[in-house]
Structures are given as C-alpha cells and as structure tokens.
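Working notes, structure below.
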Amino acid sequence: MEKSKAMKRDSIATARLLSEALPNIQRHDGAIIVIKLGGHAMSSPEAMKSFARDMVMLRQCNIKPVIVHGGGPMINSMLEKLEIPTEFVNGKRVSTPETVDVVEMVLSGKVNKSIVSAINGQGGRAVGLSGKDANLLVCEQAAGDLGMVGDPVAVNAKVVFSLIESGFIPVIAPLGTGKNGETFNVNGDTAAGAIAGGLKANRLLLLTDVSGVKDADGDVLTNLSAEQVSDLTEKGVISGGMIPKTQTALDAINDGVRAVVIMDGRMANACLLELFTDYGAGSMIRA
Ligand code: X2W
C-alpha cells in the first residue's frame, strides 16, 4: 500500500516534469546538435548507457544529435601495452605513422563501435564512421613537429546530412584524410568544431571534465559572447587546457554554429539538462 502511494507520487512528478520540458523540446525541434564526447566522459559502462539513452531521447524528440568522440585515455593504454612511447605538445599527441595506426585501431574500431552499440542497445539507430569516410574531414599537416596530426581544411558534410535525414545517429571518430590519401590524427575537440561548422549546427556541446569557463574567482560564467572570451583570454583568466576548447568554440561560431556550450559531461543526463531545462549547464558562448 505504502509502496504504491510513493509510486503514484513519483509518477505524478515525472508527468509534471515531462510536461514542463515541452517548451524546450519545441524550441529545439529539428535542430542539429553536435556533441563532443571526450574519452574521460566515457569512464564507466553506466556513464555510457546514460549518455546513449540521452542521445536516443533527443532523436525521439526530433532533435538530431551528431556525436564526435575522443578516446585519448584508451589510446594511451593501448600504446602502453604495445610499449610505444607517446607525448603531447599543446594538447596534441605527437603522431608517428606507427602511432596513427594505433589511434585509428582504437578510435575507429573499439571506441566508435562501443558508442554505436550503447546507442543501439537503448533502441537508437547509430552508424559509426570516421572523418575518412566519404572524405568527411580533409586535413593538412598541422604546424610544428607533431608528425601526422591534421588540421581540418575542408568538411564534406553530405554523408552526415544523408545519415541524419534517414533517421540515423552518426557517431564520428576524429581521423582525417589528406589530399594524397594520408591518415591524420585529429584532436577530438578540433574535429567536433570543424564538423559542427560544416553542418552549420544549431549547437555544439563540448562535454569535458570541468564545469565550464570560470572567472577570476573560480565561478562558472554561464553566458559569454565571443568578444568576452577573447577579452578573458587576453587577460589570462581563460588559460591552460581551456584555451583549445574556447578556441574551438570561437572557430565554430565563426563558421556559423549558433552557440557552443562547454560543460561537464560526467554529470548524469548532462545533455538533457542543457537542452530540456531552463537551468541549462556549463558555459554558453554565442556570437
Ligand atoms: C587525439 C585524438 C583523441 C582525442 C589523441 O591522439 O589523443 C590528437 O591529440 P579525447 O578523449 O577527446 O582527449 N588526437 C591529435 O582527442 O581524445
């Protein structure tokens, strides 16, 4: 008896919650949302399951998620097993041809397919591909002595549009193709920004392991203009590992993405919180 009363209370609260989400669901109707899922945000099977459920929920509400993933920690552990040393310069992995082989094996093989399986396990229809498929992400060698690290120079988004239009959820590994057929290792944030720009996405969500862009007192700044981001970077308030993320955001906005959100992907239902509630999550950057 007591149990059924509690269940009734919970169900009434759930129904109210769903009803309250309607204006936000309508606001994003038909929107293309690019989501960067970093390797750190894939820490446990539970986190993956919850993320996958959120993606299926978005698609069910006629919002079109496009996932670009990382997998840095998984690449590290495979390189360690194979006793191949690795180092990062300014957040990018110095990549010999041997390293790129391992990166492709880990990202396109294991990581990409585990995200696809997680989404399909929740009733979604995900299709995995990499930036090499249909020349989605054409790259040039990045400046500096980084080896086979690529900077995107062109995005051929047609394959992604056709998957979206057929009702699929594209899951993209951050590899790129060179003009002479080379394989490039692309930083996951950079790839997500370029793809969001190529799709003219309504929003880019960068799921990270920090709560957002912080001011000098350490408080999260919830709304920022591109100009404020440049200003805070000049003043040194935005620094270190946040710079590649804010730079990705500025580049994406410059390419026509409407808004970029830098947020903590470790929070349960982070994407739903951002898109379906008035509270939102993390730091939103707009033109
Ligand atoms: C990255 C690609 C994976 C990635 C790497 O080799 O680690 C470069 O650094 P996270 O999990 O998003 O960090 N590529 C050039 O970005 O993974």
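What you see below is based on every heavy atom in this structure, not just the backbone, and it leaves out hydrogens, waters and symmetry mates. Both ligands and their constituent atoms are indexed starting at 1 by order of listing. Keep in mind it's a predicted model, so treat the numbers as computed, not measured.
- The ligand atoms of ligand 1 that sit less than 4.0 angstrom from a heavy atom of K36 are 12 (O).
- In terms of modelled atom types and a separation under 3.5 Å, the side chain of Q228 and the main chain of S225 share a donor-acceptor contact.
- Under a 3.5 Å cut-off, the side chain of S283 and the backbone N or O of V213 do form a donor-acceptor pair.
- The residues R203 and E274 are annotated as salt-bridged, a charged nitrogen and a carboxylate oxygen being separated by less than 4.0 angstrom.
- E104 has a carboxylate O that lies under 4.0 Å from a charged side-chain N of K132, or vice versa, which qualifies the two as a salt bridge.
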Practice prompt. May I have the step-by-step check of side chain to side chain donor-acceptor pair (under 3.5 Å) for S117 and S114, ending in yes or no?
Written response: CA-CA 5 Å; S117 295; S114 66; over 6 Å; no

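- A donor-acceptor pair is defined here as one N or O able to donate and one able to accept, closer than 3.5 Å; no such pair exists between the side chain of N269 and the backbone of L272.
- Every atom of ligand 1 is numbered from 1 in the order shown, and the set under 4.0 Å from a heavy atom of V186 is 2 (C), 14 (N), 15 (C).
- Some N or O of R93 is nearer than 3.5 Å to an N or O of ligand 1, by distance alone.
- Every atom of ligand 1 is numbered from 1 in the order shown, and the set under 4.0 Å from a heavy atom of G70 is 4 (C), 10 (P), 11 (O), 12 (O), 17 (O).
- When only interatomic distances are considered, the shortest N/O to N/O separation between N185 and ligand 1 falls below 3.5 Å.
- Atoms of ligand 1 found under 4.0 Å from any heavy atom of K92, numbered from 1 in the order shown, are 9 (O).
- Scanning G39, A142, G71, G188 for the heavy atom closest to atom 17 (O) of ligand 1 points to G71.
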